[in-house]
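Counting starts at 1 for both ligands and their atoms, following the listed order. Worth saying up front: this structure is predicted, and the values here are computed from it rather than measured.
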Amino acid sequence: MKKIGILGATGSIGTQAIEIIRKFKNLYTIEFLVSYSNYEKLFKLAEEFNIYKVGIIDESVNVKSRKFKVYKGYEILELIENIDLLLVSTTGTFSIFPTLRAIENNINIALANKEILVSFGKIVKERLKNSKSTIIPVDSEHSAIFQLINPYKNEVERIILTASGGPFLNFNIEEMEKVNVEMALNHPTWKMGKKITIDSATLFNKALEIIEAYYLFNTKNIDVVVHPQSIVHSFVQLKDGSLLAQLSFPDMKIPIAYALSYPERLENPSTISHPYDFSNLTFIKPDFEKFPSLKIAYFCLEKLSYYPTIMNASNEVAVYSFLEGKIKFRDIFYIVEKTIEVLEKEKLSDETLEDLLYVDRISRDISNSLVSGKERI
Ligand code: MG
C-alpha cells in the first residue's frame, strides 16, 4: 500500500486523483487531505476515506470539528511525514513550503503546481541534491517527457513541448484586442481551472512550462510547437534525430495516474486510445508576435535567477485582474513585460527562498500598480 498525502484535494487535479484512488483502493491509502478553503467537500472526502487528519490552508476559514483533526495554515507542514508520496496540486506560493518539507523528509512528490518550479526552481533543485525524493511531474507535457526521457538521459538533444494554442490560435491581433473573459475561459480541448485556462489562452501556460521543463530536465534546448488537437503531449528529440512522442486523449487522469503509480503503471486508469481515434494531427510554429508570452519565457530562460519568479508573479496578478474585468486580454502581456522592465533596474538577490519570496512580492506590487494605471485610462 502506497501512503499518500494530498494538497489541493478539492481542486480539479485533486478530485481526479481521488477518483483514481477510489478505483485502486487496494493500492493506495490516503493519510491526509488538504484543501485551500473548501472544508465542506474536504470533510466529506475525509469521511469517505476514513481520514482523521485534514488541513485548510486559508487560516481565515473559521471551522472546528469533533471528528477530524484540523491543521491550519503552516501547521499543515506537520502532516508532511511518514508518507510515500505527496501530491501537490494547490496553486499559489504557499505550496513551496510543503514541497520543501517533503524534500527534507525524502518523500516523493507528484507535482501538479508549476509555479513552484518556475518561481523557486533554483532552491528546489539545491534542496533535491541532498534528498532521496523524486519529483514526478503531473503537468501533461512534462509527464510525457518524464515518461520518454528516462532511458535516454544522456542522449537528449532537445525537448519539444506541444501547446494547444488555446481558443485564439486563429485570431489576429485586432480580434484579440476584443477578447472578453467568457471567450478566454472557453478552452477548445482541456477542461481546467480558471487561472490555467486564461494562461492557455495567452500561452503563458506554455511560457511557465518552458521554465518548468528547464528545472525538471536540465536543458535549455526547449522548443514549442502548436498542436491544436492536444493528442501528442510532447516530444523528446534524441541526438541521432529520433523523435519520441507520447500520445493519448487529452485527459489529465493519465499523467495523474502515472505520478501516483510511478515507476509502475495502473491498468486502465482512463479511456484507452487507439491511433484510429486520432486523425489530422497538425503541428504549427507558434506566433511570437501574437503571443509575446513565449518571447518573455525565452528571455527568462536565458536570464534564469529571479526572472521566472517575476514572470510568474506578474502574470498571476494580470490574469486575476483580467478575470475581474480590470484590464483587457492583451494587457496581460503588457503588465508582465513592464514589470520585468521595472525590476531589471533593481538590484535583487536570488540566493535564498526569502530572496525569491521577496521578488515574488515586489513583482506583485508593481504589477498591481500597473493594473491600477491601466484602469484609470
Ligand atoms: Mg500542461
Give the intermediate values and the outcome of salt bridge (Lys or Arg N to Asp or Glu O under 4.0 Å) for residues Lys295 and Glu337. CA-CA 10 Å; Lys295 241 194 269 182; Glu337 268 168 4; over 6 Å; no
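Ion pair Glu341/Lys338 flagged as a salt bridge, since at least one NZ, NE, NH1 or NH2 atom sits closer than 4.0 Å to an Asp/Glu carboxylate oxygen. Look at Arg330 and Glu177 and you find a salt bridge, because one of the NZ, NE, NH1 or NH2 atoms lies within 4.0 Å of a carboxylate O, short of that distance. Between Glu209 and Lys206, at least one side-chain nitrogen of the basic residue sits less than 4.0 Å from a carboxylate oxygen of the acidic one, meeting the salt-bridge criterion. The pair Lys122-Glu126 meets the salt-bridge criterion, since a charged nitrogen lies less than 4.0 angstrom from a carboxylate oxygen.
A distance-only check finds a donor-acceptor pair linking the side chain of Lys125 to the backbone of Tyr215 [under 3.5 Å].
Annotation: protein N, O or S atoms under 2.8 Å of the Mg ion (ligand 1) (waters excluded) comprise Asp139 OD1, Glu141 OE1, Glu209 OE2.
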